[in-house]
Number of protein chains: 2
Amino acid sequence: MPEASAQRPAKRPTLADVARASGVSVALASIVLREAEGASEESRARVKQAAADLGYRPDSRARSLRSSRSRTLGLALALGEPLHAELADALYAEADANGFEIILGATGKHRDERRVLNTLIDAGVEAVIGVFPKLPASQLAQISKQLPVISLLRKVKGLPSLITDEAAGIDQLVSHLAQLGHTRLLHLDGGSAVAAKQRRDAFLASAAKADIEARVIAAGPDDATAFEVLRGYFEQTPPAERATAVVAFNDRAALGARQAIDLAGLAVPGQISVTGYDDSEFSRLAHADLTSVRQDVAALAQAAMQAALEAPGASSTHAPQIVVRGSTGRLMA
Amino acid sequence: MPEASAQRPAKRPTLADVARASGVSVALASIVLREAEGASEESRARVKQAAADLGYRPDSRARSLRSSRSRTLGLALALGEPLHAELADALYAEADANGFEIILGATGKHRDERRVLNTLIDAGVEAVIGVFPKLPASQLAQISKQLPVISLLRKVKGLPSLITDEAAGIDQLVSHLAQLGHTRLLHLDGGSAVAAKQRRDAFLASAAKADIEARVIAAGPDDATAFEVLRGYFEQTPPAERATAVVAFNDRAALGARQAIDLAGLAVPGQISVTGYDDSEFSRLAHADLTSVRQDVAALAQAAMQAALEAPGASSTHAPQIVVRGSTGRLMA
DNA sequence: AAGTTCTCCTAGAACGTTCTAGATATGGTG
DNA sequence: CACCATATCTAGAACGTTCTAGGAGAACTT
């Protein structure tokens with residue numbers, strides 16, 4: 001049932017319209033609306049009034065085409081990742097503070113990182129901030145010759161990279177578990193996900209330092225894989241030899257782990273503890289109530305914005321903070 | 001240390017560069033690269049070769065500025081909503097099929113819908129597809145005089161709107177529960193969220209039709225509110241008078257409901273059933289295992305794309321499908 | 001009185017495309 | 001041979017901005 005709606009274009013007002021309406025030249029109107037120097041208070045008022053009356057909004061295509069100052073940033077991330085959503089929100093706030101706009105590009109089943117990057121660049125952004133789990137560093141470096149590219153959550157050689165001190169985060173988890181008396185830990189690793197290698201290595205190092213038996217099983221960043229992998233582990237490992245705590249790659253994987261634990265009929269945390277990572281909404285679900293690690297989203301966002309604005313943006317590493325909830329505790333004898 | 005700005009000069013090649021390299025005019029180069037008529041096979045080959053050699057990519061700002069055909073669509077949605085992520089993914093696929101690019105704008109704590117819309121429009125998109133829970137229809141209609149605006153999930157007067165038949169979805173849930181023998185239902189409504197009113201009305205209508213006792217409590221689209229509200233309900237309602245099934249506004253709210261149910265010590269589905277809506281990843285979490293309603297994301301996306309491309313886009317309503325899982329069942333006597 | 005320096009303003013050239021109108025060559029037709 | 005149609009190409013004007021160069025006065029110097 002085709003239902004007629006919008007009629008044909010009511011052309012949007014241009015700078016020339018504003019200039020005509022306020023009786024000044026286009027150039028002067030431009031000066032006023034850019035808040036640049038060189039206009040009298042009187043013309044300022046007149047032009048602004050006319051702009052407001054007409055509902056004028058500058059055309060960012062024309063603006064950026066001419067000035068290469070679009071005051072627009074590209075943000076590339078994955079939809080459906082709670083952490084990415086938090087980062088985006090924080091970056092929006094930063095952008096506001098700096099007078100920038102942000103447009104997003106999402107990676108997903110039907111869009112690879114390269115493609116998303118191209119779309120953003122073609123749209124004329126001044127810089128791109130993004131989470132690039134897979135794109136080779138060489139390609140990123142290549143692109144960064146054209147415009148600043150800032151990597152979030154992953155250390156990329158040749159690019160300003162804003163990351164969390166994964167070793168510190170994992171160490172907080174391992175120490176917490178050690179303190180609770182755990183002596184045999186299992187890590188479900190994140191596969192090719194961003195930061196997976198760092199967390200795995202940190203896990204082994206922290207465990208060794210604390211003189212704790214540690215094992216790593218290859219999994220992935222999703223709950224389904226974590227579930228399958230941990231179920232297999234329970235099937236193949238006699239109860240007496242099982243780890244007493246599972247350190248999952250992230251909250252989502254921890255949820256999958258929790259599922260396998262429930263299936264095995266083990267009590268949390270009485271018989272086994274489980275930890276997540278990211279302190280996302282998943283970790284707060286009552287049933288899961290995951291002990292997790294909170295990344296400093298605000299600091300990451302602020303540093304990313306800074307890196308995007310400054311000439312040769314700087315990398316930095318940010319401290320995470322463990323958040324203890326009900327999924328970890330002492331073993332009940 | 002702030003001195004390293006020797007990066008800049010990697011200017012990207014322009015159409016003029018391609019033309020020069022292949023010995024033709026800019027106009028002809030444009031014709032070739034647009035696959036337009038009026039170029040010989042020989043020039044076609046030469047120009048394309050030169051473009052490839054130089055790594056030329058058309059500047060979409062200049063292109064859209066001149067032609068008002070940017071072949072770019074704006075998509076406005078909320079980050080962190082699983083359903084929105086699914087829609088975005090489906091729309092990316094549709095865009096591919098139609099040779100369009102998509103740029104995203106996210107609404108959130110720091111960006112209202114109006115602002116997001118403006119950013120996308122200023123970036124020069126040809127049309128905007130979006131989920132607009134709050135923006136008044138009048139404002140949307142106003143904007144749609146400038147360019148096509150398509151509303152997803154919410155029926156907006158004056159705009160092509162692609163929605164799900166909420167009455168049908170809710171009716172499937174209510175019928176399912178009735179068939180299981182439930183005679184007293186409770187609906188946690190979605191407050192001001194998109195489709196909340198439709199689901200509430202449909203709930204009451206379906207219950208009345210099936211001669212089932214029905215009650216609605218005001219809640220919201222989030223799990224925290226649903227939890228609080230349902231906990232209050234349990235506290236104030238004697239066990240004998242309680243509903244035996246809770247129809248939550250969406251999966252997220254159902255999770256909160258489930259939390260309150262656990263707290264009250266009730267067995268699911270033995271003592272009480274609970275349903276979600278959207279068939280999102282939340283519904284698949286093992287502990288929740290929610291009976292839910294799947295919206296036809298692919299059809300919605302396809303219709304939205306169609307509406308964005310055609311002159312006066314058409315509205316349509318799509319059929320949902322119940323997905324039965326373990327959170328609903330007969331009462332155990 | 002003639003410079004000099006401000007302040008405020010404007011014309012017109014960019015930016016990288018597409019599009020309109022026309023030029024040039026080629027070939028077919030009467 | 002003149003004429004027109006077609007196929008291929010190109011110059012130059014848009015699109016809506018910003019930016020560069022400079023102009024007209026008024027207000028200081030000297």
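Note on naming: letters A, B, ... go to the chains in the order of the sequence lines (proteins, then strands), and numbering restarts at 1 for each one. Any value given below was found using the heavy atoms of this structure, including those in side chains, with hydrogens, waters and symmetry copies removed. The structure displayed is predicted, hence computed values, not measured ones.
For the OP1/OP2 pair of C:dT18 and a distance below 4.0 Å, the side-chain nitrogens and oxygens of B:Arg63 include at least one atom meeting the criterion. For D:dC19, neither phosphate oxygen OP1 nor OP2 lies less than 4.0 angstrom from any side-chain nitrogen or oxygen of A:Ser30. Note on A:Arg61: every side-chain N or O is 4.0 Å or more away from OP1 and OP2 of D:dC15.
Atom CG of B:Leu147 is separated from atom CG of B:Leu73 by 9.5 Å, given to the nearest 0.5 angstrom.
Taking atom CG on A:Asp122 and atom C1' on C:dG16, their separation rounds to 13 Å, with Å as the unit. Between A:Asp59 atom CG and D:dC15 atom P there is a gap of 12 Å when expressed in whole angstrom units. Remark: P of D:dG16 and CZ of A:Arg34 are 18 Å apart, rounded to the nearest angstrom. Nucleotide C:dG16 holds its P atom 7 Å from the CG atom of A:Leu65, rounded to whole Å.
Take the nearest nucleotide of DNA chain D for B:Ser43 and for B:Ala62: the residue whose nucleotide is more 5' is B:Ser43. Each of A:Leu15 and B:Glu42 has a nearest nucleotide on DNA chain D; the 5'-most of these lies closest to B:Glu42.
A:Ala27 comes within 4.0 angstrom of a base, heavy atoms only. Across all strands, A:Ser64 comes closer than 4.0 Å to no nucleic acid atom at all (heavy-atom distances).
No more than 12 heavy-atom neighbours from other residues, nucleotides or ligands sit within 6.0 angstrom of NZ on B:Lys197.
Remark: the B:Arg66 side chain and the C:dT18 base include a donor-acceptor N/O pair separated by less than 3.5 Å.
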